[in-house]
Amino acid sequence: MKKIKFFLLIYFIFFQPIAKADDNFDKWLISFKKKAESEGISIETINKVMDKAIFLPKVIEYDRFQPEFYEDTKTYINKRVTKSKIKKGLTLYNEQKLIINDIENKFSVEKELLLSLMGIETNFGKYLGKMDIVSSLATLSYDKRRSEFFTKELLILLKLIDDNIVDHSILFGSWAGAFGNFQFMPRTIKNFAIDYNLNKVIELKEIDDSFASAANYINKIGWKNNEPCFYKINLKNNIPKKYLNTSAKKIKNKKKISYFKKYIKDFDNLNVKKNIYAGIITPDKDIIPDSENLSPAYLVFENYELVLKWNRSLRFALAVCTLKNEFKNAL
Ligand SMILES: [Ca+2]
(Lines give C-alpha, C1' and ligand atoms only; values in the text may rest on other atoms or scores of the structure.)
Protein backbone atom coordinates (compact mmCIF):
# COMPACT_ATOMS: atom_id res chain seq x y z
CA MET A 1 0.00 0.00 0.00
CA LYS A 2 2.76 2.37 0.96
CA LYS A 3 4.50 1.58 -2.29
CA ILE A 4 1.41 2.42 -4.30
CA LYS A 5 1.04 5.69 -2.43
CA PHE A 6 4.68 6.42 -3.17
CA PHE A 7 4.21 5.76 -6.88
CA LEU A 8 1.09 7.84 -6.91
CA LEU A 9 3.00 10.64 -5.27
CA ILE A 10 5.81 10.35 -7.82
CA TYR A 11 3.22 10.29 -10.59
CA PHE A 12 1.57 13.44 -9.33
CA ILE A 13 4.83 15.26 -8.83
CA PHE A 14 6.46 14.38 -12.13
CA PHE A 15 3.83 13.45 -14.65
CA GLN A 16 0.72 15.30 -13.75
CA PRO A 17 1.96 18.87 -14.30
CA ILE A 18 3.46 17.96 -17.69
CA ALA A 19 0.31 16.21 -18.84
CA LYS A 20 -1.63 19.26 -17.68
CA ALA A 21 0.66 21.70 -19.50
CA ASP A 22 0.27 19.70 -22.72
CA ASP A 23 -3.48 19.59 -22.28
CA ASN A 24 -3.77 23.29 -21.71
CA PHE A 25 -1.36 24.08 -24.54
CA ASP A 26 -3.52 22.03 -26.91
CA LYS A 27 -6.57 23.96 -25.74
CA TRP A 28 -4.72 27.22 -26.27
CA LEU A 29 -3.69 26.05 -29.76
CA ILE A 30 -7.30 25.39 -30.77
CA SER A 31 -8.42 28.84 -29.66
CA PHE A 32 -5.37 30.50 -31.24
CA LYS A 33 -6.13 28.84 -34.58
CA LYS A 34 -9.69 30.22 -34.44
CA LYS A 35 -8.32 33.67 -33.70
CA ALA A 36 -5.88 33.44 -36.62
CA GLU A 37 -8.68 32.38 -38.91
CA SER A 38 -10.82 35.33 -37.80
CA GLU A 39 -7.90 37.63 -38.66
CA GLY A 40 -8.05 36.48 -42.27
CA ILE A 41 -5.15 34.02 -42.37
CA SER A 42 -5.83 31.04 -44.61
CA ILE A 43 -6.70 27.72 -43.00
CA GLU A 44 -4.01 25.98 -45.09
CA THR A 45 -1.30 28.24 -43.64
CA ILE A 46 -2.66 27.98 -40.10
CA ASN A 47 -2.67 24.18 -40.21
CA LYS A 48 0.62 23.86 -42.06
CA VAL A 49 2.46 26.07 -39.56
CA MET A 50 0.64 25.55 -36.28
CA ASP A 51 0.24 21.76 -36.40
CA LYS A 52 3.98 21.45 -35.83
CA ALA A 53 4.03 23.93 -32.94
CA ILE A 54 4.96 22.44 -29.59
CA PHE A 55 5.30 23.76 -26.05
CA LEU A 56 9.01 24.41 -25.31
CA PRO A 57 9.70 24.45 -21.53
CA LYS A 58 13.24 25.78 -22.21
CA VAL A 59 11.75 28.98 -23.62
CA ILE A 60 10.03 29.69 -20.30
CA GLU A 61 13.31 29.07 -18.48
CA TYR A 62 15.15 31.54 -20.73
CA ASP A 63 12.36 34.07 -20.34
CA ARG A 64 12.74 34.01 -16.56
CA PHE A 65 16.55 34.18 -16.60
CA GLN A 66 17.63 36.91 -19.00
CA PRO A 67 21.10 38.39 -18.50
CA GLU A 68 19.56 41.85 -18.56
CA PHE A 69 18.05 40.99 -15.19
CA TYR A 70 21.12 39.81 -13.34
CA GLU A 71 24.41 40.88 -14.96
CA ASP A 72 25.82 44.20 -13.79
CA THR A 73 26.61 46.78 -16.45
CA LYS A 74 30.37 46.34 -16.44
CA THR A 75 30.14 42.55 -16.82
CA TYR A 76 27.43 42.85 -19.46
CA ILE A 77 29.41 45.28 -21.62
CA ASN A 78 32.78 43.56 -21.16
CA LYS A 79 31.31 40.23 -22.25
CA ARG A 80 29.82 41.74 -25.41
CA VAL A 81 32.38 44.33 -26.48
CA THR A 82 35.54 42.28 -26.90
CA LYS A 83 38.70 42.60 -28.98
CA SER A 84 37.79 39.50 -30.97
CA LYS A 85 34.34 40.88 -31.74
CA ILE A 86 35.83 44.16 -32.98
CA LYS A 87 38.26 42.21 -35.15
CA LYS A 88 35.46 40.06 -36.54
CA GLY A 89 33.41 43.14 -37.39
CA LEU A 90 36.33 44.77 -39.20
CA THR A 91 36.93 41.59 -41.21
CA LEU A 92 33.27 41.47 -42.22
CA TYR A 93 33.38 45.13 -43.19
CA ASN A 94 36.46 44.62 -45.36
CA GLU A 95 34.83 41.67 -47.12
CA GLN A 96 31.50 43.46 -47.70
CA LYS A 97 32.69 47.04 -48.00
CA LEU A 98 30.85 47.83 -51.24
CA ILE A 99 27.44 46.70 -50.03
CA ILE A 100 27.83 48.16 -46.53
CA ASN A 101 29.01 51.58 -47.80
CA ASP A 102 26.19 51.63 -50.31
CA ILE A 103 23.63 50.93 -47.58
CA GLU A 104 25.23 53.51 -45.27
CA ASN A 105 24.74 56.19 -47.93
CA LYS A 106 21.28 55.15 -49.10
CA PHE A 107 19.74 55.00 -45.62
CA SER A 108 21.91 57.66 -43.92
CA VAL A 109 22.89 55.39 -41.09
CA GLU A 110 26.47 55.08 -39.88
CA LYS A 111 27.99 51.75 -40.87
CA GLU A 112 29.60 51.59 -37.42
CA LEU A 113 26.15 51.42 -35.82
CA LEU A 114 25.03 48.68 -38.20
CA LEU A 115 28.17 46.65 -37.53
CA SER A 116 27.68 47.13 -33.81
CA LEU A 117 24.02 46.05 -33.83
CA MET A 118 24.90 42.90 -35.74
CA GLY A 119 27.86 42.23 -33.45
CA ILE A 120 25.81 42.57 -30.27
CA GLU A 121 22.75 40.73 -31.58
CA THR A 122 24.38 37.66 -33.14
CA ASN A 123 28.18 38.08 -33.03
CA PHE A 124 28.12 38.62 -36.80
CA GLY A 125 25.80 35.77 -37.61
CA LYS A 126 27.44 33.25 -35.29
CA TYR A 127 24.48 33.09 -32.88
CA LEU A 128 21.39 33.15 -35.02
CA GLY A 129 19.60 30.72 -32.73
CA LYS A 130 18.31 27.26 -33.55
CA MET A 131 14.90 27.41 -31.93
CA ASP A 132 11.80 26.75 -33.99
CA ILE A 133 10.42 30.31 -33.90
CA VAL A 134 6.80 29.29 -34.32
CA SER A 135 7.03 27.03 -31.24
CA SER A 136 8.92 29.72 -29.28
CA LEU A 137 6.25 32.31 -30.01
CA ALA A 138 3.47 29.80 -29.35
CA THR A 139 5.01 28.91 -25.98
CA LEU A 140 5.30 32.57 -24.97
CA SER A 141 1.77 33.29 -26.21
CA TYR A 142 0.43 30.40 -24.17
CA ASP A 143 2.46 31.52 -21.13
CA LYS A 144 0.75 34.20 -19.05
CA ARG A 145 3.62 36.66 -18.50
CA ARG A 146 3.56 38.48 -21.85
CA SER A 147 0.85 36.57 -23.67
CA GLU A 148 -0.75 39.52 -25.45
CA PHE A 149 2.53 40.78 -26.94
CA PHE A 150 3.62 37.38 -28.24
CA THR A 151 0.17 36.43 -29.55
CA LYS A 152 0.28 39.55 -31.74
CA GLU A 153 3.79 38.68 -32.93
CA LEU A 154 2.73 35.14 -33.82
CA LEU A 155 -0.30 36.40 -35.75
CA ILE A 156 1.92 38.81 -37.70
CA LEU A 157 4.31 35.97 -38.49
CA LEU A 158 1.48 33.79 -39.78
CA LYS A 159 0.30 36.63 -42.00
CA LEU A 160 3.83 37.06 -43.39
CA ILE A 161 3.96 33.34 -44.17
CA ASP A 162 0.46 33.44 -45.65
CA ASP A 163 1.49 36.31 -47.93
CA ASN A 164 4.68 34.47 -49.00
CA ILE A 165 6.88 37.24 -47.62
CA VAL A 166 8.86 34.90 -45.40
CA ASP A 167 9.73 31.28 -45.99
CA HIS A 168 8.44 29.33 -43.00
CA SER A 169 10.79 26.38 -43.54
CA ILE A 170 13.83 28.46 -42.46
CA LEU A 171 12.30 30.10 -39.38
CA PHE A 172 14.87 29.12 -36.80
CA GLY A 173 16.08 31.78 -34.40
CA SER A 174 16.17 32.93 -30.80
CA TRP A 175 14.08 31.58 -27.92
CA ALA A 176 12.05 34.82 -28.00
CA GLY A 177 11.11 34.49 -31.65
CA ALA A 178 13.69 36.85 -33.17
CA PHE A 179 15.19 36.06 -36.55
CA GLY A 180 18.27 36.68 -38.69
CA ASN A 181 21.54 38.65 -38.42
CA PHE A 182 19.83 41.51 -36.57
CA GLN A 183 17.27 39.43 -34.64
CA PHE A 184 14.09 40.95 -36.03
CA MET A 185 10.77 40.17 -34.40
CA PRO A 186 7.86 39.49 -36.80
CA ARG A 187 6.46 43.01 -36.36
CA THR A 188 9.84 44.52 -37.31
CA ILE A 189 10.03 42.26 -40.36
CA LYS A 190 6.57 43.40 -41.40
CA ASN A 191 7.25 47.11 -40.90
CA PHE A 192 10.88 47.52 -41.91
CA ALA A 193 12.43 44.50 -43.65
CA ILE A 194 13.55 45.03 -47.24
CA ASP A 195 14.32 42.84 -50.22
CA TYR A 196 17.40 44.87 -51.05
CA ASN A 197 18.84 42.64 -53.78
CA LEU A 198 15.42 42.44 -55.48
CA ASN A 199 15.18 38.66 -55.77
CA LYS A 200 11.64 38.72 -54.32
CA VAL A 201 12.59 37.10 -50.97
CA ILE A 202 13.53 38.88 -47.79
CA GLU A 203 16.62 37.06 -46.57
CA LEU A 204 17.53 38.28 -43.10
CA LYS A 205 20.41 35.87 -42.78
CA GLU A 206 22.13 37.42 -45.83
CA ILE A 207 24.31 40.54 -45.61
CA ASP A 208 22.57 42.73 -48.21
CA ASP A 209 18.95 42.24 -47.18
CA SER A 210 19.70 42.18 -43.45
CA PHE A 211 21.91 45.31 -43.43
CA ALA A 212 19.44 47.26 -45.56
CA SER A 213 16.56 46.15 -43.33
CA ALA A 214 18.41 47.16 -40.15
CA ALA A 215 19.43 50.51 -41.69
CA ASN A 216 15.88 51.15 -42.85
CA TYR A 217 14.52 50.37 -39.38
CA ILE A 218 16.91 52.53 -37.37
CA ASN A 219 16.65 55.38 -39.89
CA LYS A 220 12.83 55.34 -39.90
CA ILE A 221 12.66 55.55 -36.12
CA GLY A 222 14.86 58.65 -36.25
CA TRP A 223 18.58 57.86 -35.87
CA LYS A 224 20.80 60.94 -36.16
CA ASN A 225 24.27 60.35 -37.57
CA ASN A 226 27.27 61.61 -35.61
CA GLU A 227 25.20 62.52 -32.56
CA PRO A 228 26.23 60.93 -29.27
CA CYS A 229 24.44 58.06 -27.53
CA PHE A 230 25.70 58.50 -23.98
CA TYR A 231 28.45 59.90 -21.77
CA LYS A 232 29.72 58.21 -18.66
CA ILE A 233 29.61 60.61 -15.72
CA ASN A 234 30.45 60.74 -12.03
CA LEU A 235 27.52 61.95 -9.96
CA LYS A 236 27.67 63.94 -6.76
CA ASN A 237 25.74 62.69 -3.74
CA ASN A 238 23.39 65.65 -3.82
CA ILE A 239 21.50 64.46 -6.92
CA PRO A 240 17.77 64.03 -6.23
CA LYS A 241 16.68 60.42 -6.73
CA LYS A 242 14.00 61.37 -9.25
CA TYR A 243 16.66 62.02 -11.89
CA LEU A 244 18.07 58.49 -11.66
CA ASN A 245 16.45 56.32 -14.34
CA THR A 246 16.61 52.56 -13.85
CA SER A 247 13.89 51.43 -16.24
CA ALA A 248 14.30 50.99 -19.99
CA LYS A 249 10.61 51.64 -20.58
CA LYS A 250 10.93 55.40 -20.54
CA ILE A 251 13.73 57.84 -19.72
CA LYS A 252 12.14 60.35 -17.38
CA ASN A 253 13.05 63.80 -16.08
CA LYS A 254 15.18 64.88 -19.02
CA LYS A 255 16.78 68.33 -18.80
CA LYS A 256 19.29 70.43 -20.67
CA ILE A 257 22.71 69.14 -19.74
CA SER A 258 23.69 72.49 -18.20
CA TYR A 259 20.87 71.98 -15.67
CA PHE A 260 22.68 68.93 -14.28
CA LYS A 261 25.92 70.87 -13.72
CA LYS A 262 25.48 71.02 -9.96
CA TYR A 263 25.12 67.24 -9.75
CA ILE A 264 28.04 66.12 -11.93
CA LYS A 265 31.70 65.98 -10.91
CA ASP A 266 34.17 67.71 -13.29
CA PHE A 267 31.25 69.00 -15.33
CA ASP A 268 33.32 71.55 -17.22
CA ASN A 269 35.56 68.82 -18.61
CA LEU A 270 32.61 67.04 -20.26
CA ASN A 271 33.20 67.07 -23.97
CA VAL A 272 29.57 67.51 -25.01
CA LYS A 273 27.22 70.28 -26.13
CA LYS A 274 25.74 71.62 -22.92
CA ASN A 275 22.47 72.90 -24.36
CA ILE A 276 21.04 69.56 -25.54
CA TYR A 277 18.54 67.48 -23.60
CA ALA A 278 19.64 64.42 -21.71
CA GLY A 279 18.47 62.00 -19.05
CA ILE A 280 20.54 60.24 -16.41
CA ILE A 281 20.59 56.47 -16.03
CA THR A 282 21.99 54.38 -13.17
CA PRO A 283 21.37 50.92 -14.61
CA ASP A 284 22.72 48.85 -11.71
CA LYS A 285 20.68 50.52 -9.01
CA ASP A 286 17.83 48.02 -9.02
CA ILE A 287 19.47 44.71 -9.81
CA ILE A 288 22.69 44.58 -7.79
CA PRO A 289 22.06 44.13 -4.08
CA ASP A 290 23.85 46.76 -1.99
CA SER A 291 25.20 48.39 -5.11
CA GLU A 292 26.38 51.92 -4.77
CA ASN A 293 23.38 53.71 -6.21
CA LEU A 294 25.20 56.42 -8.08
CA SER A 295 27.69 54.38 -10.07
CA PRO A 296 27.93 53.66 -12.91
CA ALA A 297 25.95 56.63 -14.24
CA TYR A 298 25.47 57.94 -17.75
CA LEU A 299 23.99 60.94 -19.49
CA VAL A 300 21.85 59.52 -22.32
CA PHE A 301 20.60 61.25 -25.46
CA GLU A 302 18.03 60.78 -28.20
CA ASN A 303 20.05 58.20 -30.14
CA TYR A 304 20.36 56.09 -27.00
CA GLU A 305 16.59 56.05 -26.64
CA LEU A 306 16.27 54.85 -30.23
CA VAL A 307 18.45 51.84 -29.44
CA LEU A 308 16.07 51.21 -26.52
CA LYS A 309 13.23 51.09 -29.02
CA TRP A 310 15.18 48.39 -30.84
CA ASN A 311 15.54 46.44 -27.59
CA ARG A 312 14.22 47.63 -24.22
CA SER A 313 17.31 47.08 -22.11
CA LEU A 314 19.52 49.83 -20.64
CA ARG A 315 22.60 47.59 -20.79
CA PHE A 316 21.92 46.42 -24.33
CA ALA A 317 21.85 50.02 -25.56
CA LEU A 318 25.05 50.86 -23.66
CA ALA A 319 26.79 47.84 -25.21
CA VAL A 320 25.63 48.75 -28.73
CA CYS A 321 26.87 52.33 -28.42
CA THR A 322 30.15 51.24 -26.82
CA LEU A 323 30.88 48.84 -29.67
CA LYS A 324 29.83 51.48 -32.21
CA ASN A 325 32.42 53.85 -30.72
CA GLU A 326 35.08 51.14 -31.02
CA PHE A 327 34.29 50.79 -34.73
CA LYS A 328 34.39 54.59 -35.12
CA ASN A 329 37.92 54.59 -33.72
CA ALA A 330 39.01 51.66 -35.86
CA LEU A 331 37.52 52.63 -39.23
CA1 LIG B 1 16.38 39.40 -51.26
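Hydrogens, waters and symmetry mates are skipped; everything else that's a heavy atom, side chains included, is used. All residue numbers refer to positions in the sequence shown, counting from 1. Numbering of ligands and ligand atoms starts at 1, following listing order.
Within Asp209, OD2 is the N, O or S atom that lies nearest to the Ca ion (ligand 1). When distances from the Ca ion (ligand 1) to the N, O or S atoms of Glu203 are compared, OE1 comes out shortest.
For a distance bound of 3.0 Å, the N, O or S atoms of Val201 include one lying that close to the Ca ion (ligand 1). Within the 3.0 Å limit, Asn197 places at least one N, O or S atom next to the Ca ion (ligand 1).
Side-chain N or O atoms of Asn94 include one that pairs as donor or acceptor with a backbone N or O of Leu90 at under 3.5 Å. Of the possible donor and acceptor atoms, one in the side chain of Thr139 sits under 3.5 Å from a partner among the backbone N and O of Leu56.
Centred on the Ca ion (ligand 1), the OD1 atom of Asp195 and the OD1 atom of Asn199 lie at an angle of 90°, reported to 10°.
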Take Glu227 and Lys273, measure what salt bridge (charged side-chain N to carboxylate O under 4.0 Å, His left out) needs, and give me the verdict at the end.
CA-CA 10 Å; Glu227 291 291 324; Lys273 285 181 248 166; 3.7 Å; yes
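Hydrophobic clustering, with ILVMFWY side chains joined whenever heavy atoms are under 4.5 angstrom apart, keeps Phe172 apart from Met50.
Salt bridge annotation for Glu71-Arg315: absent, with no cationic side-chain nitrogen under 4.0 angstrom from a carboxylate oxygen.
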